[in-house]
Amino acid sequence: MEKVFSLGLQPLANDFCVEEDERAGFAPLEVLLCPRCGLAQLSVVVRPDVLYRSYSYVTSKSVMMKEHFARLWRDVFEMSTHNGVIEIGSNDGDFLKFIAQNGATSVLGIEPASNLAAIAAVNGIQTINAFFGLGSATEAARIMNERGIIFARHVFCHVDNWMDFMKSLDLLAGQETIVCIEVPYVVDQIKTNSFDQIYHEHLSYLSLRAFNALLHRTPFRLRKVLRYPIHGGAIVLVIQKGISTPPEVEDQIKTENLDRGSWQNFSDRSEGLIKCLGDMIRQFASAGRRVVGYGASAKSTVWINAMGLTRKELGCVYDCTQQKWYKFIPGTDIPVVHEGGFYVDNPDYAVMFAWNFAGECISKQAKWLKGGGHFIVPVPAPRLIGADSVAATV
Ligand code: TMP
């Protein structure tokens, strides 16, 4: 394994705390690359019980996410003969609620964060409150007879013991079950310089080649690869037992072109971007401008800590998620505040840490932009967005 990327010691990206909470602490954030199968993974694994016991990441309620749900469900629904659906890492049950209203005959979630499983239950989504493993898979099999589709959206790259995950999947999936594993696509991540997707929860950065190498040790084979723009570029790996990978998927795997050099260039570019945005914010702040953040995403924690900012430079970060309000951006003294106050506070510049929902943020804050405010979009390279962008995106 070769080290190809490092941000040194970093806090856990979703460890949003109030003043009196005990913080989880810091851990090295480094990516290692396997020269044999091309898998990129973190050098250390933070214990899942520390990372996920009370988890503040709630599936976005944005319009873009709703559109993604609809597209994904339409694409997968067509492939399956049975519509009983299990979701691994079902968060607050929002996706299952959507598909239950759109053709799924029965739905069941498996979610380790007790705060999120409780929200799902209130929303009427039956949820097993546990990590996915042989125990929860056995219980899910007992509850759900018809298991046509299994989703694992943005959960596989959080898993350390892949073989345990695949064995549990094997227990749950029949020959006709379609398993859909959605992950951020490392090729898109490198192309768009989104180093901010590298944090302790994301243990692996998957290419088709690396994933396919793993599958060869399991009864599953790749049936299809779907691509979506969500989260800056994601792939859905559709796998099934007892099939062989079709030639067009084999071709897709062969066309991937990712090596040590690509990672090295990405690492150099990321370092440049961190310096560029950090300098920009510091200059605006020292000229008396009020600079804030927009979207307290895990990505914001990565950026803010990589730039070494305090609330002197970045006053606060606005966010629409109630669970994050009046807590601090991990590793900093910068508070997260209610998005509703943004227009009233009228900052001069807002760094758009929810850049994956850029169009939506611009539409929402059109009045502020027209009044002279500016967003700073950090990727693929920091750029200012002003009033002239409103017409283009609304
Ligand atoms: P995510 O990219 O990890 O989903 O995080 C996006 C964060 O941005 C999440 O905390 C919600 C927040 N957000 C807003 O505050 N306002 C918005 O308009 C959108 C789209 C997201």
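Just follow the structure's listing: the first ligand is 1, and inside any ligand the first atom is 1.
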Proximity flag Lys324 to ligand 1, non-hydrogen atoms under 4.0 Å: yes
Chi angles and distances behind the salt bridge (Lys or Arg N to Asp or Glu O under 4.0 Å) call for Arg71, Asp75: CA-CA 6 Å; Arg71 277 184 65 189; Asp75 292 346; 5.2 Å; no
Those atoms of ligand 1 less than 4.0 Å from some heavy atom in [X]:
| X | value |
| --- | --- |
| Phe357 | 2 (O), 4 (O), 20 (C) |
| Lys299 | 1 (P), 2 (O), 3 (O) |
| Lys364 | 16 (N), 17 (C), 18 (O) |
| Asn356 | 2 (O) |

Presence of salt bridge, Lys327 and Asp15, under 4.0 angstrom: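 Salt bridge: no.
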Whether Phe156 and Trp162 hold their rings parallel, tilted or perpendicular, with breakpoints at 30° and 60°: tilted
Phe266 and Phe5 aromatic ring geometry - parallel, tilted or perpendicular at 30°/60° bounds: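 Because their plane-to-plane angle lies in the 30° to 60° range, the rings of Phe5 and Phe266 count as tilted.
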Ring pair (Phe, Tyr, Trp, His ring centres under 6.0 Å) between Phe98 and Trp73, worked out: CA-CA 9 Å; Phe98 173 81; Trp73 179 233; 7.9 Å; no
Contact check, side chains of Thr321 and Lys324, non-hydrogen atoms, under 4.5 Å: yes
Proximity to ligand 1 by part of Asp319, non-hydrogen separation under 4.0 Å: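 Answer for Asp319: both.
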Under-4.0 Å heavy-atom contact with ligand 1, by part of Ser297 that carries it: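 The answer is both.
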Tell me: protein heavy atom nearest [atom], and distance?
| atom | result |
| --- | --- |
| atom 3 (O) of ligand 1 | Tyr57 CE1, 3.3 Å |
| atom 16 (N) of ligand 1 | Glu339 OE2, 2.8 Å |
| atom 13 (N) of ligand 1 | Cys320 SG, 3.6 Å |

Candidate with minimal heavy-atom separation from atom 19 (C) of ligand 1, of Cys361, Gly295, Ala358: Cys361
side-chain hydrogen bond (donor to acceptor under 3.5 Å, both in side chains) partner of Glu176, chosen from His82, Lys241, Gln240, Arg147: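 Among His82, Lys241, Gln240, Arg147, the one meeting side-chain hydrogen bond (donor to acceptor under 3.5 Å, both in side chains) with Glu176 is His82.
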Geometric cation-pi criterion, Arg290 with Tyr349: 6.0 Å, 45°: no
